[in-house]
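Since the structure comes first, as structure tokens, the remarks are kept for the end.
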2 protein chains.
Amino acid sequence: MRRVRVGLSQVNPTVGAVEANARLVIAGMERARALGCDIVAFPELVLTGYPPEDLLFKPAFIEANLRALAEVARASRGLTAIVGYVDKRDDIFNAAAILHDGVVAGTYHKQYLPNYGVFDENRYFQSGTESPVFTIGDTVIAANICEDIWYPTGPTTLQALGGAELVVSINASPYHAGKGRFREKMLATRAADDLVCLAFVNTVGGQDELIFDGQSFMFNEKGECVARGKAFEEDFVVADLDLDEVFRARLHDSRRRKEKLRATEAPPRRVTLPPLPAPERPRLPAHEVAVLEPVEEIYQALVLGARDYVTKNGFRHVVLGLSGGIDSSLVAAIACDALGPANVTGVTMSSQFSSKGTRADAARLARNLGIEFLRLPITPVLNAYRRALAKPFKGLKEDVTEENLQARIRGNYLMALSNKFGWLVLTTGNKSEIGVGYSTLYGDMAGGFAVIKDVPKTLVYQVSEHVNRRVGREVIPRSVFERAPSAELRPDQTDQDTLPPYATLDAILEAYVEGDQGVADIVARGFDAATVKRVIAMVDRNEYKRRQGPIGIKITPRAFGKDWRLPIVNRFRE
Amino acid sequence: MRRVRVGLSQVNPTVGAVEANARLVIAGMERARALGCDIVAFPELVLTGYPPEDLLFKPAFIEANLRALAEVARASRGLTAIVGYVDKRDDIFNAAAILHDGVVAGTYHKQYLPNYGVFDENRYFQSGTESPVFTIGDTVIAANICEDIWYPTGPTTLQALGGAELVVSINASPYHAGKGRFREKMLATRAADDLVCLAFVNTVGGQDELIFDGQSFMFNEKGECVARGKAFEEDFVVADLDLDEVFRARLHDSRRRKEKLRATEAPPRRVTLPPLPAPERPRLPAHEVAVLEPVEEIYQALVLGARDYVTKNGFRHVVLGLSGGIDSSLVAAIACDALGPANVTGVTMSSQFSSKGTRADAARLARNLGIEFLRLPITPVLNAYRRALAKPFKGLKEDVTEENLQARIRGNYLMALSNKFGWLVLTTGNKSEIGVGYSTLYGDMAGGFAVIKDVPKTLVYQVSEHVNRRVGREVIPRSVFERAPSAELRPDQTDQDTLPPYATLDAILEAYVEGDQGVADIVARGFDAATVKRVIAMVDRNEYKRRQGPIGIKITPRAFGKDWRLPIVNRFRE
């Protein structure tokens, strides 16, 4: 029986940390050897981290990545390893090196370069044109990269027709809620369609706004999942694949395969590599991976995103304002899970408009979480501003100016703590308020990372309920859920003085932002036309604010980030 | 003699203002009729404005643009007009409509989609594949779009070989300093190589960070410029082109043309349109266009960029801080030229560290410009912050925290004026300080538009000298030029305590930012290695600040904007 043992090294590289990333790869090879793997695969661009963006324009960066490739190639003795890197020929390519027994035995160049959504790969890379397959003893394998696997008649099909019994797909496939299930179904179909074993390795970790969720998989030629990696953490997935089963399945399907092969332009080039002595194969340990409930999945994505942004930027401690509202409560809880309560400071910055209830809730939340808690009232500074501006503002009523000043004093307090103690400021705005601009630039928008900026308000409540449920106690006080949301910048203010109910607002925003639907489409779904127009106009008008806000974690199909490129000067109104 | 009168309507459309843009086109057609033009051309995507970015994902936006096209088509009676719009088939195309006597007689789809620099056209458009030519009576013309003309064997060559005697190139070609001269040379070469008359119409105006400089041209088949449009303002360029000259030149070159034609895959499709009665041809008025000196060119670009950003966003009045330094002085001068002194307010916000000299200079500048001048000292508010933060800061020395607080109080003052009076805040940071992060987030970086963010400090001095020279009097006080630059945030501070001399800094930044050069390249040019490494590290480390700064006008080949996509999490260090 022809059996091949495959390891998928689901690692968390850091963009730019080329040498450290190479060490991750070498450690993965050692693990593969200890587990008796014939083949081990690493994610797309694992040596550079993904996405490296304009670092790719720096020749020194490309060279560093090639030096790292040479180093990991030397470390591949006795193994076959598939490693993502940037290849340099007359141009640069998003590439997979096929390392074999200490040398670079072959290279695959990504053919389908995504240039939509958060991706700009046409900006950097040349497309590959070849789909080679590699014969190693009695095994035939091939590799391709991320987007390539999403095309039903792409390189995978060609490589399988060309004889590959195992196709390794290396990925840096960004997360959004629910994408994992969709990806799994697609991969199962691809394996069964092409009668090929499929090993899908994905990177894991946060990079700026993107989360990579891991969830690597292996499928047999029936499309059955035979191994699965964890979500949102590093993992090493191993499975034995029976290639004789592939051979048998193809015999039964030989007529259709011959038809398909005739339809291809040219069969892929076949490269023969020297066989390696069979490794000793210890028994594989059991590897149980829990499938996450939808809200837990989102929560874990947020925790990983916060942790990686903070630590990969060299910070250890974060600070945030605690208003006693649901948004800052949730961000504080996420920060504690990401960094530990000892590394989180909450600050309550009350004014004359802060209610007793919100002040008490902020304190209770800090106690429940076990974080440091500071009190910095803003009224004395606000009064100093009032006096300073008395002359130019003479005879004018107080208005949004003074509301914004309150938010900006709070922003300044947090930034002062950040400057003095080297803490990173987390902002607490949610997707609904960032969408309609219900926030103060340089005020509550001031900070380094916007943890829940892609979480709509209605989902903020769901995730917050889950925070309490998952630990089985009241972390976020019950009263926080029950009080009407308010910015507390003027007497008896509530969000709903200015905004439609959040259930309505979120539905309109989802249709407009994620669905690119217009007024007519959204009204047709039963919403009031005036409300729809008002919400859309608010989104458009506040582009300048979003442009100056901090980045934050993407969890939906379309976040306000790389995949939202609206002009600021924009007179389009439906 | 076959003579054709061509008009180029160099207009300033606004992104999203589809109906207003259509009115601009209709007005251009009327002008063309009055001047007896046979053909009139408008810029690339004139109906949508350029670049429309993600508005292109909105079906309602595409439909509005198609309705506008139908409207301008109806207005084309008696004329041939080339109009840029978005065509919708199975996908969308960056297109040129050939309007003829009231109908859409043909369409060209852009073939070369730029996806580098500031461009992301692969994100939106499908590429065209056809290069049709249009026969109108005894005239043969063709159109193509922007990037297409930059390829020496692109559509222009094919269309000329296919019989076109006039190729109309419609453009939205963004400005950087000196690009106009380069473009002119390229166009002259293309006309002469292809023995074709070339009419190049470019859009004019500011759109977010981009400036379109106009400078439309017409060339005869010898590559001689026969007409030229103004830079940085709307214009209507007309010339009579002698197509018999094209015919004669081609006769003399017929052997080479036949060779070239044989080498093409297929000659372009030829479309025949009904001839139109010859219009009455009034004598053309003289049209003198001054060629701008390099520094005047940059100055005019900045004035246009500031004016269009402010007015296209619906503002009339701007406010900025006047520190008595060179940067804010220059921005104030630009704002006055852009909007008029009555629409500019300068604010001096002195502290205990402000020198008498800078305070006096700020006042003198305001007087010289004739703008409103406000004084808002910051010390009382700073002291209020000190008291408020006394407890958490107990026992700690003053440091950059208190420096940043000063800058942030100033930012808050300006934003308060903005909120109260509906003024737009202009920021005054230059490219050198934005490059190395020598600026305070939410402080001096607070504002809507960063007028000189792409102007390096050494160039700020040159442009400022020019400000005085061009009006022949001291607008910016002499002492401003002579004083050592300082942020005045602590006693006796100067920029050079922290930064290398600006001549050195700017040279290193240009090599690193515009040239993607690494440490070794820059050191090889004679700079100190430690300085080079320090500057590069500062640029990399401060990406998070730039990401939250306001957008500003691009005047160099690479600005901190759309064409600078560095990750924030980035551990690459040479």
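Sequence lines set the chain letters: A, B, ... in the order given, protein chains first and strands last, and positions in each chain run from 1.
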Checklist entry - What part of B:Lys397 gets closer than 4.5 Å to chain A, counting heavy atoms only: side chain, backbone, both or neither? => result backbone

Checklist entry - With a 4.5 angstrom heavy-atom cut-off, which part of B:Ile409 approaches chain A: side chain, backbone, both or neither? => result both

Checklist entry - Salt bridge check: are A:Asp120 and A:Lys562 linked by an N-O gap of less than 4.0 Å? => result no

Item to check | Non-neighbouring partners of B:Glu372 that pass side chain to side chain donor-acceptor pair (under 3.5 Å), sequence neighbours left out | outcome: B:Thr345

Checklist entry - Relative to chain A, which segment of B:Leu376 carries a heavy atom at a distance below 4.5 Å: side chain, backbone, both, or neither? => result side chain

Checklist outcome for this item: Here the gap from B:Arg546 atom CZ to B:Leu566 atom CG, rounded to the nearest 0.5 Å, amounts to 7.0 Å

Item to check | Contacting region of B:Pro52 [heavy-atom separation from chain A under 4.5 Å] | outcome: backbone

Next on the checklist: Within this structure, what is the CZ-CG distance for the pair A:Phe61 and A:Asp54, rounded to the nearest 0.5 Å?
Outcome noted: 11.0 Å

Item to check | Atom group of B:Glu402 that falls short of 4.5 Å from chain A, counting heavy atoms | outcome: side chain

Item to check | Portion of B:Leu56 that has a non-hydrogen atom of chain A nearer than 4.5 angstrom | outcome: neither

Checklist outcome for this item: Bottom line for B:Leu396: the part with an atom under 4.5 Å from chain A's heavy atoms is side chain

Item to check | Basic-acidic side-chain contact under 4.0 Å: B:Asp208, B:Lys312 | outcome: no

Checklist entry - Given a strict heavy-atom distance threshold of 4.5 Å, which part of B:Ile568 is in contact with chain A: side chain, backbone, both, or neither? => result both

Item to check | Contacting moiety of B:Ala64, where chain A heavy atoms sit under 4.5 Å | outcome: side chain

Item to check | B:Asp563, part contacting chain A, at a heavy-atom distance under 4.5 Å | outcome: both

Checklist entry - Side chains of A:Val15 and A:Leu55: closer than 4.5 Å at any heavy-atom pair? => result yes

Next on the checklist: Counting only non-hydrogen atoms closer than 4.5 Å, does A:Thr311 touch chain B with its backbone (N, CA, C, O), its side chain (CB onward), both, or neither?
Outcome noted: backbone

Checklist entry - Got a second to check how far A:Leu405's CG is from B:Asn419's CG, nearest 0.5 Å? => result 7.5 Å

Checklist entry - Who pairs with B:Asp399 by side chain to side chain donor-acceptor pair (under 3.5 Å), at least two apart in sequence or on another chain? => result A:Lys420, B:Thr401

Next on the checklist: At a 4.5 Å cut-off on heavy atoms, which part of B:Tyr116 comes close to chain A: side chain, backbone, both, or neither?
Outcome noted: backbone

